[in-house]
Amino acid sequence: MDKIKIIGGKQLNGKIYISGAKNAALPLICASLLTPDTVTLTNMPMLSDIKSLNALLTLLGTQIDEFDDFLDGHPTKTYSYRTQEATSLIAPYDYVRKMRASYYVLGPLLARYGHVELSLPGGCAIGARPMDIHLAALEQMGAKIEIRNGYVIADIDGRLKGADIIFKVASVGATCNILMAAVLAEGVTKIQNAAKEPEIGDLIDLLNDMGAKISGRDTSILTIEGVETLHGATHKVIPDRIEAGSYAVAAAITRGCIELINAQASTLQCPINILRQMGVDVTETENSLIVDARGKTLVGQDIMTDFYPGFPTDLQAQFLALMLTAEGASLITETIWENRFMHVPELMRMGANINIHGHASAIVRHVDKLYGAPVMATDLRASFALILAGLIAEGETIVNRVYHLYRGYEKLAEKLAAVGADIEVIHESDE
Ligand code: UD1
């Protein structure tokens with residue numbers, strides 16, 4: 001298993017190119033199941049999660065072609081997806097367990113074929129992660145749903161029917177799944193309390209380009225007028241706001257200056273405000289974000305995670321690490337996931353001063369120094385928090401279980417090394 005070795009203490013300066021958004025790409029890939037035509041996605045990030053989902057679509061009968069591409073002066077990937085006719089309607093446990101967003105095949109397959117068998121993904125390190133909102137909405141649209149042997153078995157006679165749906169929680173996953181189901185339903189579907197994350201806007205753009213009729217983009221009420229068929233389209237994936245926010249923290253925590261090329265400031269307003277309140281200079285340009293913390297004394301801030309446009313839970317671990325270097329104490333409150341402070345015990349092994357209160361709150365107090373240590377990552381974003389701590393720690397930090405990072409950070413070590421980090425991937429075969 002690969003590890004990452006970091007020698008801390010380097011100020012990071014330079015430019016980092018922000019890749020296409022993982023959480024946008026995953027539902028976009030599954031939207032291709034809605035049509036027999038080709039859907040081409042450009043600016044795709046090179047990540048293990050994309051490979052895992054591609055493997056599932058290949059199993060379902062999708063023809064996938066991969067091309068090397070060059071966008072905005074940087075190498076990237078383009079994938080084309082063509083599902084002329086699905087050869088299987090079963091998403092097996094071994095695939096879904098590896099990558100829970102595999103559940104995005106549920107809406108499209110049910111809408112196009114009237115039957116799907118999806119292994120329930122189960123919980124993960126950060127929480128129980130139920131699917132009840134997805135399933136209740138599909139039932140409202142006329143689907144018959146049974147849970148058998150760990151699988152959701154969904155059936156529909158004819159087409160799904162439009163319905164008035166009110167989500168009890170503004171779930172990103174349920175919004176994407178129900179959008180993809182409703183585009184081919186008979187009649188009009190209205191989703192109230194829909195999630196408003198930018199990745200949903202990206203999915204709506206692709207679906208509308210494929211011939212869907214969705215209105216209400218960027219609002220919590222989405223109206224979908226069902227159509228009988230959809231056609232192919234070509235779509236450029238939006239930049240990854242979580243990757244951009246993570247590298248913004250890398251600049252701030254090392255008191256360096258990094259220009260995040262292609263970062264979309266409009267999707268990061270809440271984290272940008274926190275950085276500014278801390279004392280970091282953040283400049284928004286037309287196609288980048290410049291994060292400058294050189295010579296700054298930062299002041300701790302309280303953060304509470306929330307649905308978009310609130311503070312993203314996927315940046316909580318990284319900002320928590322940053323607060324260790326800020327003056328005073330910072331209260332970090334997690335409201336989305338019930339178990340998202342797994343990075344804290346590892347940070348404390350490096351000398352952090354953090355108190356967790358219950359499951360939801362952590363008080364982070366300033367420390368003068370962190371010390372390098374071998375640490376263990378438990379999930380994708382927690383892993384990045386450990387990388388950040390390693391960047392400022394005295395001596396050597398080894399981050400184990402790097403496969404978490406491969407899920408969501410394209411070329412992480414290369415990108416950080418290019419701005420001056422002393423970072424190295426130790427491959428299993430090197431040991
Ligand atoms: C997505 C993101 C994830 C991010 C999360 C919140 C992807 C692939 N993943 O996850 O990185 O942390 O949004 O921004 O895009 N819930 C229910 N029942 C359901 C579904 C959700 O109770 O049927 C609850 C969850 O337990 C959680 C909250 O709703 O407390 C938000 O979850 P949701 O928005 O669905 O997260 P994901 O789409 O899984």
Side-chain angles (χ1 to χ4, degrees), residues 20-31 45 47-50 52-53 56 96 98-107 118 120-140 145 147 152 154 165-181 191 193-203 220 237-238 240-243 245-246 267-268 270-271 304-319 333-342 359-360 378-385 404-405 407-409:
K22 168 179 89 74
N23 287 352
L26 296 170
L28 294 173
I29 291 171
C30 293
L47 298 169
S48 62
D49 268 10
I50 302 296
S52 303
L53 190 56
L56 174 59
V96 183
K98 243 194 191 167
M99 223 279 301
R100 54 178 310 109
S102 303
Y103 66 35
Y104 282 138
V105 303
L106 178 63
L118 167 81
L120 278 168
C124 74
I126 62 172
R129 312 201 71 166
M131 283 194 68
D132 55 323
I133 299 173
H134 308 228
L135 302 184
L138 290 173
E139 278 180 330
Q140 251 190 284
I145 305 234
I147 311 288
V152 174
I165 296 163
I166 304 178
F167 286 161
K168 65 176 178 182
V169 178
S171 155
V172 172
T175 304
C176 291
N177 237 337
I178 300 311
L179 272 171
M180 291 190 278
I191 308 175
N193 196 26
K196 292 182 288 197
E197 271 66 2
E199 294 75 23
I200 288 163
D202 207 30
L203 175 63
S220 57
V237 180
I238 54 168
D240 195 316
R241 66 194 165 101
I242 304 300
E243 189 198 24
S246 302
T267 63
L268 280 162
C270 194
M304 185 181 285
T305 63
D306 203 351
F307 299 100
Y308 188 84
F311 191 91
T313 172
D314 290 350
L315 286 176
Q316 178 259 104
Q318 301 87 320
F319 273 73
T333 306
E334 172 62 51
T335 68
I336 309 291
W337 300 116
E338 57 270 32
N339 192 26
R340 213 169 195 187
F341 286 123
M342 298 289 276
H359 287 295
T378 46
D379 73 74
L380 168 57
R381 308 304 171 185
S383 310
F384 200 92
H404 288 297
L405 288 162
R407 289 189 42 225
Y409 290 97

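The first residue in the sequence is number 1, and the count goes up from there. All values derive from a computational prediction rather than experimental measurement. Whatever order the structure lists them in is the order used to number ligands and atoms, beginning at 1.
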Taking the side chain as C-beta and beyond, is there a heavy-atom pair between Ser52 and Arg407 under 4.5 Å?
no
Does a side-chain heavy-atom distance below 4.5 Å link Val172 with Phe307?
no
Test side-chain contact (heavy atoms from CB on, under 4.5 Å) on Thr305 and Thr333; report intermediate values, then the result.
CA-CA 6 Å; Thr305 63; Thr333 306; over 6 Å; no
With no hydrogens and no angle check, is any side-chain donor or acceptor of Thr175 less than 3.5 Å from a backbone partner on Ala195?
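At least one qualifying donor-acceptor pair exists.
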Nearest 0.5 angstrom please: Asp379 CG to Leu405 CG, how far?
9.5 Å
Residue by residue, ordered by chain and number, which ones reach under 4.0 Å of ligand 1 with a heavy atom?
Asn23, Tyr103, Arg129, Pro130, Met131, Asp132, Ile133, His134, Val169, Ser171, Val172, Gly173, Thr313, Asp314, Ile336, Trp337, Arg340
Given Arg241, which of Asn23, Leu268, Asp314, Leu315 fulfils the side-chain contact (heavy atoms from CB on, under 4.5 Å) condition?
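Only one option passes, and that is Leu268.
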